[in-house]
Amino acid sequence: MTNTPSVPPPFAASRFSVAPMLDWTDRHCRYFHRLLSRHALLYSEMVTTGAILQGNAERHLQRDAAEHPVALQLGGSNPRELAQCARIGAGYGYAEINLNVGCPSDRVQNGRFGACLMAEPQLVADCVAAMRDAVSIPVTVKSRIGIDDRDSYTELVDFIATVARAGCKTFIVHARKAWLSGLSPKENREIPPLRYGVVFQLKQDFPELEIVINGGINTLDTAEALLSQVDGVMLGREVYHNPFLLVQVDARIFPG
């Protein structure tokens, strides 16, 4: 099925988005979500550069035009490989390329990508620059507010500023830090405390950037309240478990 994409609303699609979730936000899930909201920005599962360049790119990247707008989230840390994958993803019609700098799993760390990249802001900047040179669609970054004991606001500002200088204009920030050892990915979504105030401060300190907040958001009332402080909200598991929440998104989040 190849429906023509709907006319975009008067707000950026990133005003409300559904998070990339491994094994969950595949093309079938996204197609279903698009039936419930015309305007929410949907994300693919994270796809590693290796899966695209050495695996079956068609299987990982296939999408239906009716899902649009959909962002492709990539996992990797090699600028050249990420640029190649961004170019391939753009060819499949994705509306955005997003770099995963937030996943704390051991498997991801062993591949030197995900949240551990927060310790290497210049490498992330190099990756963003390479992808931006390769595609004309937006290149964005999804991160945490810090990792392990490297969770000071100063370090977070340095990370955002360094990556922004490479041309990244949109940051999706999970408002928890990640512990790279000692906690499972599930525990990293629940145990480190939510610190929304840190993300609000980022928006104040970087007014020229688009700041999207993620983490612990499970109602549209909360989403609407947060939109008074930031540019966008991203919901994850709540949408998967309660998809009919999306039925109200267009009217409440994208009015007009």
Side-chain angles (χ1 to χ4, degrees), residues 13-14 17-34 40-118 120 123-124 126-144 163 168 170-172 174 178 185-186 188-189 212 214 234-237 239-240:
S14 54
S17 55
V18 179
M21 292 176 282
L22 196 60
D23 297 328
W24 288 8
T25 51
D26 60 17
R27 62 191 182 92
H28 308 291
C29 175
R30 298 192 307 263
Y31 189 93
F32 174 53
H33 285 168
R34 181 58 69 222
L41 177 60
L42 307 179
Y43 277 76
S44 74
E45 305 170 82
M46 181 187 68
V47 184
T48 65
T49 54
I52 295 173
L53 299 177
Q54 284 87 46
N56 187 334
E58 174 71 13
R59 180 172 70 85
H60 291 292
L61 300 180
Q62 183 182 8
R63 51 174 290 279
D64 193 295
E67 300 170 35
H68 188 82
V70 183
L72 170 64
Q73 187 181 71
L74 294 176
S77 60
N78 181 296
R80 179 182 57 82
E81 293 178 354
L82 283 165
Q84 287 180 268
C85 292
R87 191 179 299 111
I88 294 168
Y92 274 83
Y94 286 90
E96 170 189 316
I97 304 296
N98 178 261
L99 180 62
N100 184 319
V101 191
C103 181
S105 76
D106 291 341
R107 182 171 64 87
V108 164
Q109 290 181 61
N110 290 338
R112 199 192 174 198
F113 58 95
C116 64
L117 288 177
M118 291 200 72
E120 301 184 75
L123 176 57
V124 176
D126 293 343
C127 292
V128 165
M131 289 188 285
R132 290 188 72 246
D133 285 344
V135 299
S136 58
I137 57 177
V139 174
T140 67
V141 167
K142 187 174 188 295
S143 73
R144 294 285 185 132
V163 179
C168 183
T170 300
F171 292 83
I172 301 103
H174 187 145
K186 180 178 185 295
N188 262 303
R189 294 191 299 269
V212 177
N214 172 231
M234 174 181 277
L235 277 70
R237 281 158 178 74
V239 172
Y240 187 85

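This chain uses plain numbering: 1 for the first residue, then up along the sequence.
In this structure, the side chain of Arg34 engages the main chain of His68 through a donor-acceptor pair within 3.5 Å. No side-chain donor-acceptor contact under 3.5 Å links Asp64 to the backbone of Glu67. Of the possible donor and acceptor atoms, none in the side chain of Arg144 sits under 3.5 Å from a partner among the backbone N and O of His174.
The distance from the SG atom of Cys168 to the CE atom of Met131 is 8.5 Å, given to the nearest 0.5 Å. Remark: Leu61 CG to Arg27 CZ distance equals 11.5 Å, nearest 0.5 Å. Note that the OG atom of Ser14 and the CZ atom of Phe171 stand 13.0 Å from one another [nearest 0.5 Å]. Going from atom CG of Leu99 over to atom CG of Leu117 covers 6.5 Å, rounded to the nearest 0.5 Å. A distance of 11.0 Å separates OH of Tyr94 from CG of Leu42, quoted to the nearest 0.5 Å. For the atom pair NE2 (His60) and SG (Cys85), the distance works out to 10.5 Å, reported to the nearest 0.5 Å.
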Do any side-chain atoms of residues 46-56 form donor-acceptor pairs under 3.5 angstrom with protein atoms, and if so which ones, sequence neighbours left out?
{"unit_1": "Thr48", "atom_1": "OG1", "unit_2": "Ala51", "atom_2": "N", "d": "3.1"}
{"unit_1": "Asn56", "atom_1": "OD1", "unit_2": "Glu58", "atom_2": "N", "d": "3.2"}
{"unit_1": "Asn56", "atom_1": "OD1", "unit_2": "Arg59", "atom_2": "N", "d": "3.0"}

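In this model, no donor atom of one side chain and acceptor atom of the other lie less than 3.5 Å apart for Gln73 and Ser44.
Taking every heavy atom of both residues into account, Ser77 and Cys127 meet most closely at O-SG, 3.5 Å. Scanning both residues, Ile97 and Ala86, for their nearest heavy atoms gives CD1-O, 3.9 Å. Of all non-hydrogen atoms in Pro185 and Pro104, the two that sit nearest each other are CA-CG, 4.3 Å. When all heavy atoms are compared, the tightest approach of Pro138 to Ala95 is CD-O, 3.4 Å. Closest approach of Ala19 and Tyr43 over heavy atoms only: C-CB, 4.1 Å. Considering all non-hydrogen atoms of both residues, Ala134 and Ala83 come closest at CB-O, 3.6 Å.
In this structure, Arg63 fails the cation-pi test against Tyr92, since its NZ or CZ atom is not both closer than 6.0 Å to the six-membered ring centre and inside 45 degrees of the ring normal. Geometrically, Arg237 engages Trp24 in a cation-pi contact defined by less than 6.0 Å to the ring centre and at most 45° from the axis.
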Taking it one step at a time, do Glu45 and Thr25 satisfy side-chain hydrogen bond (donor to acceptor under 3.5 Å, both in side chains)? CA-CA 5 Å; Glu45 305 170 82; Thr25 51; 5.9 Å; no
Carefully, step by step, assess Leu72 and Glu96 under the rule side-chain contact (heavy atoms from CB on, under 4.5 Å). CA-CA 6 Å; Leu72 170 64; Glu96 170 189 316; over 6 Å; no
Working note: Ile172 + Ser143, criterion side-chain contact (heavy atoms from CB on, under 4.5 Å); need CA distance, chi angles, decisive distance, verdict. CA-CA 6 Å; Ile172 301 103; Ser143 73; over 6 Å; no
I'd like to know whether Leu41 forms a side-chain contact (heavy atoms from CB on, under 4.5 Å) with Val18, so could you lay out the CA-CA distance, the side-chain angles of the two residues, the decisive distance to 0.1 Å, and finally the verdict. CA-CA 6 Å; Leu41 177 60; Val18 179; over 6 Å; no
What do the steps show when you test Leu74 against Asn100 for side-chain contact (heavy atoms from CB on, under 4.5 Å), and what is the final call? CA-CA 6 Å; Leu74 294 176; Asn100 184 319; over 6 Å; no
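Each of Glu81, Arg87, Arg80 was checked for a side chain to side chain donor-acceptor pair (under 3.5 Å) with Gln84, and the lone residue meeting it is Arg80.
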